Structures are given as structure tokens and as C-alpha cells.
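Structure first, commentary second.
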Amino acid sequence: MSYNFKEVEKKWQTKWYTEGTFNAKEDYSMKKWYGLIEFPYPSGQGLHVGHPRSYTALDIIARKKRMEGYNVLYPIGFDAFGLPAENYAIKNHVHPKITTEKNVNHFRDQLKSLGFSFDWSREVNTTDPNYYKWTQWIFIKLFEKGLAYKTTMPINFCTGCKVGLANEEVVNGVCERCGSPVVQKEKSQWMLGITKYAQRLIDDLDDIDFLDKIKAQQKNWIGRSEGAEVNFKIEGTDDTLLIYTTRPDTIFGATYMVVAPEHGIIEKYADKIKNLDEVNDYKQKASLKSAFERSELNKEKSGVEIKGIKAINPLTNEAIPIWISDYVLMTYGTGAIMAVPAHDTRDFEFATKFNLPIKQVIKPKDGEAKEKLEEAFTDVYNGVSINSGFLTGLDSKTAIEKAINYIEENKLGKRKVNYKLRDWVFSRQRYWGEPIPMVYCECCGWNPIPEDQLPLKLPEIDDYEPGENGESPLAKLTDWIKTTCPKCGKEAKRETDTMPQWAGSSWYFLRYMDPHNDKEIASKEALEYWSPIDWYNGGMEHTTLHLLYSRFWHKFLYDIGIVPTKEPYQKRTSHGMILGSNGEKMSKSKGNVVNPDDIVEEFGADTLRVYEMFMGPFDQTAPWSMESIRGCNKFLDRVWKLQDLLNDENGYSEKHEKMMHKAIKKVSSDIEEMKFNTAVSTFMTMTNEFYKDKYLTKDEYKTFLQLLNPFAPHITEELYEIIGEPKTINETTWPKYDEAKTIDDEIEVPVQVNGKLKGTVVVPKDADEEAVKEKVKEVENVQKVIDGKTIVKEIYVKGKIYNIVVK
RNA sequence: GCCGAUGUGGCGAAAUUGGUAUACGCACAGCACUCAAAAUGCUGCGGGAAACCAUGUGGGUUCGAGUCCCACCAUCGGCACCA
């Protein structure tokens with residue numbers, strides 16, 4: 001009988017999904033395990049082969065955990081708001097709701113065809129009003145706590161999508177989604193105060209089990225730096241110019257100042273500035289530059305001296321010029337710097353170009369100050385202050401501390417920590433997103449709509465085009481906008497912007513715990529029981545977006561007493577990308593896209609699952625190979641045919657017994673360590689052994705099928721049934737091994753002479769050195785090499801190696 | 001420039017964490033089955049006649065290094081005028 005995967009896979013999927021075999025249990029007395037994968041955006045292209053890599057991995061772990069007796073929650077849902085559906089609507093006049101529903105249905109079918117053990121009874125969809133009701137509710141809570149605020153500020157504006165973007169969504173000065181240039185635009189936007197959580201987002205990483213590279217990337221993005229804010233007097237006034245520096249020990253070397261083009265000092269001293277036209281001209285040019293042009297590397301520094309005003313260096317009391325240049329950013333620190341060309345690379349470059357004085361105030365510990373610097377000396381670990389008054393002679397670290405103390409004592413400024421992280425631009429001028437549940441009243445300002453009016457449903461419209469000035473399509477709905485102020489009852493206007501993609505995904509994992517609750521996000525009991533998520537796997541591309549945002553929301557919900565843990569995810573891992581067979585990223589234009597449906601059709605879901613786990617280390621990128629997938633298909637065929645070799649008459653075999661115990665140990669630990677590729681190779685080796693020996697016992701087959709089940713659930717369940725087992729595998733208990741039976745009685749010890757392999761000897765596992773020594777001398781090659789030489793030393797590492805050193 | 005990875009056969013990759021380098025799979029070759037092919041099964045498969053030589057390069061530590069240390073080179077990912 002040959003293996004008909006189509007029939008078998010269909011059969012088991014139907015059983016699982018109609019019976020709800022893998023649904024989480026309501027029994028809160030059981031030990032729990034909550035595994036999470038990033039819920040997909042249901043795009044029109046359908047599932048990508050990248051999705052099953054992550055989903056299969058956690059499916060394997062989830063299935064193992066169930067067999068180990070855990071109450072497992074392995075949920076699925078859809079992150080369905082977003083631009084593609086809206087752009088499609090603009091083009092084809094189909095409501096995004098319709099496209100989304102169609103895509104979700106397609107995705108659901110595809111996911112089911114792969115046999116994942118998801119709990120489909122808890123499926124969530126971010127576009128469902130019963131879901132986004134709570135997204136809006138969280139927003140209102142953020143507003144009430146002062147963490148959502150509306151402000152006019154220069155934002156990143158995508159010229160293609162006609163929409164404001166968060167910093168995180170701008171990549172190399174272009175839009176992360178569409179690749180159009182991003183420009184700075186003044187716009188009134190809703191902002192979320194994520195910067196208030198910056199320190200906690202760093203500190204709490206210590207308590208959770210994230211891959212180091214994920215922690216590093218998040219810390220990098222938050223970008224904490226320590227230093228001081230210092231006031232520089234403006235000559236002839238009582239006013240000061242506030243700067244931020246991480247190197248207060250270099251103030252003696254500050255020979256000029258630089259302010260960002262947007263800095264207020266220019267308006268303030270317009271009447272004093274002698275070259276106002278020139279300065280304004282520079283300002284104008286800087287504002288026209290796109291984010292990309294401004295951040296372009298290696299470009300020449302530019303700037304203009306602001307003539308007519310000067311600053312006083314607070315430590316040298318020298319009057320120093322003030323320049324305007326776009327290498328100083330208004331969005332970081334105070335928008336103004338003291339320039340220390342001798343000890344800052346950028347200042348050095350600028351000073352060289354404009355012939356400004358370069359004054360050395362630090363020399364290397366083990367060297368002397370140079371006659372003329374060729375580049376800035378910036379090494380904080382290896383510097384000593386010179387020409388710096390009370391700092392002279394101190395190493396840089398000590399000098400920094402002393403300088404800050406001096407600054408604080410003399411009221412020149414204060415110690416200050418800065419972050420690169422910016423507050424989160426939360427408004428989108430788009431239709432297909434959660435409406436922001438806010439109302440503006442002339443007399444009462446912004447207020448949220450009453451909670452009993454949630455959800456604020458997205459109104460039906462026909463015209464999805466954004467408005468002229470990049471207004472939201474909702475801005476055209478005058479009837480919908482008109483409402484009453486929740487505070488004073490007078491006429492007021494609704495907010496027409498919607499929330500970004502990232503809103504719905506910032507808390508979805510909480511909804512899975514209690515998805516049909518219409519009173520709260522989820523019940524206290526459910527939150528207490530299921531929190532935190534035990535294991536979350538997803539892509540590295542979400543490290544500074546989704547992962548940071550959702551940690552922020554979770555901390556906020558913790559602060560207001562909704563969730564029981566500070567962090568949502570106890571453990572975070574990530575999978576490597578699957579590339580096309582040419583080693584490039586899969587894309588339609590390159591024609592290297594593999595559709596999982598085709599693989600399932602030709603080889604079956606089990607083959608796809610096994611292949612994706614076997615193709616390489618889970619956390620590394622791997623190119624697709626059509627040839628290799630056939631190998632996995634062949635392997636499963638061989639597993640199927642093992643039933644013909646079943647034979648209990650040989651009975652007990654020590655060799656097979658050892659092999660089984662070793663395999664249970666290896667596969668169990670490989671799964672926990674996500675070393676799926678070596679687990680699969682263990683299965684292959686076992687299969688080869690059974691074929692070589694031409695038999696296996698039913699017990700061995702049963703254990704083998706149990707171990708393989710998480711990887712290839714359909715074929716293994718079918719075989720388990722065929723050999724007459726009354727239970728299904730998912731009802732059985734994960735096999736256990738006996739450590740003593742994983743150790744061989746006889747071991748082969750390699751014998752080396754001067755570290756070079758000369759042969760091996762077989763000895764009992766606990767043979768002592770003398771016994772091994774005797775055998776070693778009998779090895780022919782060893783005899784030959786050591787003959788006539790003096791033995792200097794003999795080393796025996798028990799069970800590992802025997803090495804003879806000769807001269 | 002900064003942060004993080006990676007580098008082993010023709011290819012995807014293993015290596016118990018310092019102890020027989022190349023497990024497992026693909027590709028390839030030979031044999032069996034077949035009229036034939038496919039499928040399947042078995043065998044072989046780093047280089048070299050051998051001594052030996054091979055884990056990106058060059059040094060080092062060690063009885064012993066793919067694994068540890070130092071200095072490079074290359075590729076990939078993230079950040080980037082962040083003061």
C-alpha cells in the first residue's frame with residue numbers, strides 16, 4: 001500500500017478542525033504553555049513559504065508540550081488593517097472589507113492545509129469592530145494618562161502614500177512600504193509618549209529571555225546616552241544657549257557653537273543678526289532637503305556663520321562664534337551643540353572646511369599631543385585632559401565626572417540622559433484603520449468619546465482617495481464628522497485620522513486569552529492564567545517596530561492594572577528568511593517566488609514542514625531548493641514503508657534499544673533548542689538503520705512515530721492508526737528516555753601520536769588507563785611511528801582520546 | 001563609522017562546546033530490478049600514489065584547535081551627522 005498524502009492529510013485535518021482537537025482547555029488548574037507566532041497580514045498574494053517556517057517551528061514545540069501534559073494555547077488571527085487593501089480599493093472600487101474577507105478566507109484554508117495545531121476557536125481579526133473596540137479603548141486610556149497627545153510638529157510625510165510615518169517606518173529616507181521619498185511636513189498629529197518608557201524598555205530586557213541580538217538592536221534603537229546640558233551665555237545679553245554633550249570634559253576645547261536650522265535663536269535675535277538674509281537662505285534650503293538628502297553619508301558639510309551674536313565659553317570665558325548647519329538635528333538633544341573639533345569627528349570636518357580653530361584638550365594616555373591633528377581624537381578610554389584648567393591631568397572618564405559636578409555646582413547646567421527614541425507618530429491620514437475615538441470642541445478641546453459608544457465604527461464610504469493636503473478620506477464625510485462634545489454637549493468635530501498598522505498588533509496576544517469577552521479586553525482570570533507568553537517567534541524586521549511598540553503598550557496596561565506582568569513575552573526567538581533558489585530575496589519581479597500551495601499539492605504538507613525544518617539552522621537565512629525537498633519527500637516515503645519491516649520476533653535488541661533512547665534524548669533537546677535540522681537528520685539516520693537491519697519492533701515504530709509526529713503530524717497519525725493503536729498520537733505521552741541506556745558499553749577511542757590520528761581501539765566504557773595503554777601499543781600504525789623514539793608523555797582522557805607524545 | 005552575525009566538500013549543512021572534521025540530505029557515478037526509462041534498493045563519493053594536506057587569511061596558546069586568543073580579509077543584517 002503506497003502513501004496517499006492527499007487523502008491522509010485531508011482526513012486528519014478534517015478530524016482536527018471539526019473536533020477542535022488542539023483547542024486550549026478552560027481548565028486553569030493545569031500547567032500552561034502559551035506559544036505565539038506573528039499573526040499574518042492577509043495579503044492578496046496568499047501565504048508565503050516564509051510563514052510556515054515560523055509556524056511549523058512553534059507548532060512542533062506546541063505539539064510536544066501537549067504530549068508533555070501542558071494546557072497549550074497556540075492561537076492564530078489576522079492583522080488585517082493596512083494599506084494594500086486600501087490601495088486596491090482606490091484602484092478597483094472594492095470595499096477593503098470585502099477584499100480583506102476574501103483574503104482571510106484564503107489564508108485560513110492555506111493554513112489549515114498545512115496542519116498547524118492552532119486553536120481556531122480563538123481566531124481574532126483586527127478589523128472586527130468587536131476587536132478594535134478594545135484598541136480604541138486602550139487609546140482612550142493612553143489619552144487619559146497623558147500618553148496620547150496632539151501636537152503640530154515636523155513629521156515624516158510619505159509623498160507616495162500621502163501619509164505621516166513613524167521614525168521606525170522611514171528607511172534610508174524613503175517609505176518602508178512604498179519606497180517613495182519622505183519629506184518633512186508640519187502637521188497636527190496624535191503622538192504616543194513611548195519616550196516616557198524608554199528607560200524601562202531598556203532595563204526590563206534584563207529579566208526576559210530574548211536573543212541577544214534582539215536585545216542589542218532594541219537598545220541600539222532606544223539609543224541611551226549620558227552627558228550634560230550646559231548653558232553658554234550669549235554675549236551682551238542675559239540669555240543663554242543650551243547645548244547637550246556627552247563629553248563635558250572637552251568644554252575647554254569648544255571653539256564655536258552650531259545650531260540646527262530650525263533653532264529658535266534665529267527668530268529671537270533677528271534684529272541683531274547682520275547677515276540675516278544669508279542665514280534665512282540657508283534655513284530655507286535645509287528645509288527643502290528630503291530626509292534622505294539630509295542623512296546622506298559622505299556629503300560635504302555645509303553651514304553659515306550667524307554674524308552679530310557670539311557665545312561665551314563658560315570655562316574659558318572666550319567669545320566664540322555661532323554657526324548654523326544641518327549636521328545638527330533639531331530632534332535630538334537641544335538642537336544646539338558646542339563644537340569641539342579636536343575631539344569630535346564631525347566638528348573636525350566642519351572646522352577644517354571653514355577654517356575654524358582646532359584646540360586640543362585631550363592627549364592619548366601613552367602619547368603626546370600632536371603638532372597638528374590629522375583627525376579628531378575621540379577615544380574616551382584612552383585619553384588624558386590637557387590645557388583644561390582643573391581637569392588637566394585627569395583621564396577622560398574621571399574628567400567627565402568632575403566636569404559634570406563642576407557644571408552642577410556652578411549652576412551652568414545639569415547631568416542629563418538622552419535617548420534617540422522619539423515619541424510615536426500615531427495618526428494616519430487613511431481610511432482602512434481604526435478610527436481614533438476623539439472629538440474636538442471649540443471650548444473643551446480634545447476629548448474621547450464615552451466608552452459606552454465604543455466601538456466607534458469605521459463609516460462606509462465610496463471614495464478612498466486621500467484629500468488634497470494629505471487629509472484622511474474620512475475628512476470628506478461632513479455628516480459623520482459632526483457630533484456633540486462629550487463634555488459640554490455643544491457641536492463638535494470628530495477626529496478623521498485613523499490609527500497606524502501597528503495599533504491592532506500591539507495587544508492582540510492578550511485578546512487570544514479570552515477572545516469573545518464583550519466586557520473587557522480579557523477576563524482577569526484568563527490574563528492571570530495565560531500571562532506571560534512563554535515563547536514568541538517572529539522576524540527580525542519587527543524588532544524595532546512591533547516588538548518595541550507592543551512592549552510599550554503592555555507596560556502601560558500593567559501600570560493601569562489591566563495585565564499582571566511587566567513584559568508580554570518571556571522568550572523571543574527569530575527565524576531566518578527563506579530566499580529564492582538563486583540566493584536572493586523572493587519577489588515577484590525576480591520570478592523566484594515559491595507558492596506553498598504548489599508544494600502541498602505535489603508533495604504534501606508533511607514534506608513541506610519537514611523540509612522547512614531540515615533546510616538549515618532555524619535562525620539563519622536559507623535558500624530554497626526544489627531538489628532537496630524531494631529528499632524529504634523520499635524520507636517520508638521510507639517512513640511509510642517501515643510498516644513492512646515490522647517484526648517483533650527478533651524481540652529485544654540492545655543496539656535498537658540504545659538507538660531509541662539516544663534518539664528520544666536528542667530529539668527532545670533539539671526541539672527545545674530549535675535545532676530542528678539535526679532532529680530531522682536523527683530521524684533519517686534511524687530510518688536508515690532500520691532498513692539496514694531489515695526489521696524494527698512495533699514498540700520502536702510507535703516511539704519513532706511519536707517523536708516524528710510534531711514535524712509530520714498527518715503521516716504519523718495515519719501510521720499509528722494502521723498499526724492498530726487505539727489512541728491518536730496527540731493523546732499519547734511524550735516518550736521518556738533512560739540516561740543509562742544512552743551510554744554505549746564499549747567505546748571506540750581514537751589514538752593519536754603527537755596529536756595526529758593513527759588508529760582507534762575499542763575498550764569497555766569504564767576501562768582505566770592501563771587497560772587502554774596495553775591495547776594502544778598493539779595498534780600497528782602506532783607501533784610503526786613510535787618505534788625508536790622516546791615517549792615523552794602519554795595522555796588519556798577517559799572515553800575521549802589517547803595521545804602519545806614522542807620525540 | 002558603530003552594533004550584530006556568518007565564512008567547513010560541487011551544493012544545503014553536522015561536529016557531544018577543546019578530543020576520530022565533513023553526520024544527514026542534495027547532486028554525481030556504478031550496480032541490481034526493467035525491453036527501456038522513471039521510481040525503488042544497494043555501493044561509492046574532500047585532495048593526494050603515498051607520507052601527508054585540507055574548516056576565509058596570517059600569527060599564537062595547547063599533548064591536541066573548525067571550536068580559545070591576537071591581527072586581517074570577505075559576505076550578510078541593523079543603525080547611522082544622535083553631539
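On a predicted model such as this, the values are computed, not experimentally measured, just so you know. First the proteins, then the strands, lettered A, B, ... as listed; each starts at 1.
- Residues meeting the side-chain hydrogen bond (donor to acceptor under 3.5 Å, both in side chains) test with A:Arg224, sequence neighbours left out: A:Gln199, A:Glu226.
- Contacts of A:Glu627 classified as salt bridge (Lys or Arg N to Asp or Glu O under 4.0 Å), with partners at least two apart in sequence or in another chain: none.
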Just distance, no hydrogens or angles: give the donor-acceptor pairs under 3.5 Å from side chains in residues 795-802 of chain A, sequence neighbours left out.
unit_1: A:Tyr796; atom_1: OH; unit_2: A:Gly799; atom_2: N; d: 3.3
unit_1: A:Tyr802; atom_1: OH; unit_2: A:Glu794; atom_2: OE1; d: 2.5

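- Residues meeting the salt bridge (Lys or Arg N to Asp or Glu O under 4.0 Å) test with A:Asp670, sequence neighbours left out: A:Lys666.
- Only the P atoms considered, B:G9 is 30 Å distant from B:C31, to the nearest whole Å.
- Within the structure, every pair that satisfies the salt bridge (Lys or Arg N to Asp or Glu O under 4.0 Å) test and touches residues 245-254 of chain A, not counting sequence neighbours, is listed here: A:Arg247-A:Asp249.
- For A:Lys414, the salt bridge (Lys or Arg N to Asp or Glu O under 4.0 Å) partners at least two apart in sequence or on another chain are A:Glu229.
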Generate the contact string for nucleotides 7-16 of chain B. Rules: B means base contact, S means sugar-phosphate contact only, - means no protein heavy atom under 4.0 Å. -----BSSS-
For nucleotides 37-49 of chain B, read 5' to 3', which letter fits each nucleotide if B means a protein heavy atom sits under 4.0 Å from the base, S means only the sugar-phosphate is that close, and - means neither? ---SSS-------
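- In this view, A:Lys359 satisfies the salt bridge (Lys or Arg N to Asp or Glu O under 4.0 Å) rule with no residue, not counting sequence neighbours.
- Base pairing in RNA chain B gives the following stems of 3 or more Watson-Crick or G-U pairs, range against range and under 3.5 Å: B:1-7 with B:73-79, B:10-12 with B:24-26, B:28-32 with B:40-44, B:56-60 with B:68-72.
- For A:His546, the ring-ring contact (aromatic ring centres under 6.0 Å, His included) criterion is met by A:Tyr536, not counting sequence neighbours.
- Evaluation of the ring-ring contact (aromatic ring centres under 6.0 Å, His included) rule for A:Phe618 yields A:Phe676 as partners, not counting sequence neighbours.
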